[in-house]
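This structure is a prediction, so every number in the text was calculated from the model and none was measured. Computed over heavy atoms, backbone and side chain alike; hydrogens, waters and symmetry mates excluded.
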Amino acid sequence: MLWTKTFIPTLREDPAEAEIASHRLLLRAGYIRKLTAGVYNYLPLMQRALHKITNIIREEMDASGAIEITMPVLHPAELWQKTGRWDTVGKEQMRLKDRHGRDMVMGGTHEEVVTWIVRGELRSYRQLPLNLYQIQDKFRDEIRPRFGLMRGREFIMKDAYSFDRDETGLRIAYNKMVDAYFKIFKRCGFDVKMVESDVGAMGGTNAHEFMVLVNTDGGECTILSCDRCDYAANIEKAVSIPMALPKSNEEPKSKEMVFTPNMRTIEEVTAFLKKPAEKLVKTLVYLADGKPVAALIRGDRQINEIKLKNHLHCLELEMADPATIVRLTGAQVGFTGPVGLKGVPIVADIEIKSMVNFVVGANRDDTHIINVNLDDFSVDEFIEIRCAEAGEVCPRCGIGHLVSSRGIEVGNTFMLGTKYSDPLGARFIDENGEEKPFIMGSYGIGVTRTLQAAIEAFHDEKGIIWPKSLAPYDFHVIPLFMSEPRQKEVAFDIMSKLEQAGYSVILDDRDERPGVKFNDADLIGMPVRIAIGEKGLKEGVVEIVRRKDLKMEKVPVEKAAERALEIYREL
RNA sequence: CGGGGCGUAGCGCAGCCUGGUAGCGCACAUGGUUCGGGACCAUGGUGUCGGAGGUUCAAAUCCUCUCGCCCCGACCA
């Protein structure tokens, strides 16, 4: 392909809208352009990279036995109402009405639709297992779209749905998908980490995320993994065995009110009372679907709202507003405590059980209570609601310690069970003539986000460094001066040899200065570049450079294509 | 949804405070000189100053409303 015959609008300056490297590079290198918040045009280079990755995905999905279909983007509301997700997925769902006033949704995922298909067509266990997948546009009205393709409102996703007769079948299907995912991401050039995750609004019993580890600002999630065994989980899901505090042999004392003028935060109170944060108990008041609940957690810990939410079985969990806190506790925010707190259920983190003589708010302005013990108030339930932290002991092997890293989620897998087949009445007849709901799984890969993750993982200050498998073109040929017939001739000759060998080539035939061409080549990131210039031709050589490390090699003109192929294959 | 910021030429920005004929760089067009890591000279074209309303002799500039976009937060007790 000739540069002047395609469309690669590179930018000389950094676009103002981009924050992280991969987003900036996608814009600068002419891969994408934003249409509106969270919605992007994919330009020719992007389109080619998309073909690369979707081919990989198709090959591996097909090899795993999954079957490709395409489902509609537009769904009738009734389907979503039947599974209850019309309400639970709520704000994220793009909704609209048709001309008859019927409610429709733009699909952000397709469990309902695929279940509807199977419900109508499959009747017997003999037809199982089945795994249907598609690669298609998805719509999600994200709270805040950001980082380009990372969190968009329209994006491309591969989604697969497995149907089995029982849990055993589901496990087999699930493991097949996990295997396929490792193969897919390996072919994309990165090692992914499979981590346990919360099932969230998807429902079901068991879920994992596939994370590309990056140590840049682009890392959107924190994951904790064991330095000894294979335990890994995202921060929402991670559990740990807390580090044993020095066993307290303190005798419980009697509680005592203390004056703490304007001391509201843990920092302020610890400084004022000269007590460490682990001797404090925070009391956080939440509204769970509008109903107040108080959560107690040690002063130096972070609460894990996902764990709390799951425990409370509520749809919406939010911190109570100051007015509500005043109404419930009789004191300003910052002085809430469990002692004497009435009319609000209290849940406490299990760590609190082993605390002695701690500090809590007094439910009276400017007052805390010290030397509080468990008998001084009643807890409705002890549960684990704190965030696990790096350094703590692994819950699986009990020996290793958790280390924290950042990653980008590129895939996820869910064991759904009958969450969708039940309400939609998708059932089959088993070998005993009994009617049973399908046992389902669902499996996603964020296609566009995976490409951006690749850029986030593979770039330098000059531009993108594509892994071979995703690069829009395999080779980038640069005749420095198109006005020089000899350079042009050599360049075109090399291109046609490479193409005949079955590889794709972009040839920069622009009438630009060499500097511009080199910089653009570094920017758009093809794996191997061949530069043909006057200096080299005088010695009868061209220059072959690998993008990865910009290592250059001078090669005789007549060996150029052959050697370029070797260099490419060694990558 | 809360807080902050920004909308001026295709892109990046200045001008706004203190109202008075809309500017700079890049890009683009033409000509010339250049030519191995983002050239130079000359000439030229380019604007609903996001939109609506208001104040004023006069509004990019001041006021009100509105739309769009970006960032932070929504794990603080």
Rounded to whole Å, the CD-P distance (E17(A) to rC72(B)) equals 14 Å
Provide, to the nearest angstrom, the distance between the CD atom belonging to E19(A) and the P atom belonging to rG73(B).
->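 Value for this atom pair: 11 Å.
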Summarise how protein sits on nucleotides 36-50 of chain B as a single string, 5' to 3': B when a protein heavy atom is under 4.0 Å from the base, S for sugar-phosphate-only contact, - for no contact.
-> BBBB-----------
Which nucleotide in the set rC75(B), rC13(B), rC72(B) lies at the smallest distance from any side-chain heavy atom of A16(A)?
->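 Selected nucleotide (nearest to the side chain): rC13(B).
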Quick note, E305(A) side chain, CB onward, closest among rC75(B), rC72(B), rC70(B) is rC75(B)
Qualifying salt bridge (charged side-chain N to carboxylate O under 4.0 Å, His left out) pairs with a residue from residues 258-269 of chain A, counting only residues at least two apart or across chains = none
Using the test salt bridge (Lys or Arg N to Asp or Glu O under 4.0 Å), find all partners of K5(A) that sit at least two apart in sequence or belong to another chain.
->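 Residues passing salt bridge (Lys or Arg N to Asp or Glu O under 4.0 Å) with K5(A): none at all.
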Output side-chain donor-acceptor pairs under 3.5 Å for residues 34-45 of chain A, partner residues at least two apart or in another chain, one line each.
unit_1	atom_1	unit_2	atom_2	d
Y40(A)	OH	H23(A)	NE2	3.4

Mapping A320(A) and P15(A) to their closest nucleotides on RNA chain B, which lands nearer the 5' end?
->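 Here P15(A) is the residue nearer the 5' end.
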Are OP1 or OP2 of rC69(B) and a side-chain N or O of T36(A) less than 4.0 angstrom apart?
->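 It does, given that an N or O in the side chain of T36(A) lies less than 4.0 Å from OP1 or OP2 of rC69(B).
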Considering residues at least two apart in sequence or located in another chain, which fulfil the side chain to side chain contact (heavy atoms under 4.5 Å, CB included) criterion with T270(A)?
->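 T270(A): side chain to side chain contact (heavy atoms under 4.5 Å, CB included) contacts with I266(A), A277(A), L280(A).
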Sequence neighbours left out, what passes side chain to side chain contact (heavy atoms under 4.5 Å, CB included) with T10(A)? Give chain and number order.
->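 W3(A), I8(A), D520(A), L523(A), I524(A).
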Base, sugar-phosphate alone, or nothing: which one does E13(A) contact when heavy atoms must sit under 4.0 Å apart?
-> base
Contact class for V269(A) (heavy atom, under 4.0 Å): base, sugar-phosphate, or nothing?
->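 No contact at all - V269(A) keeps every heavy atom at 4.0 Å or more from the nucleic acid.
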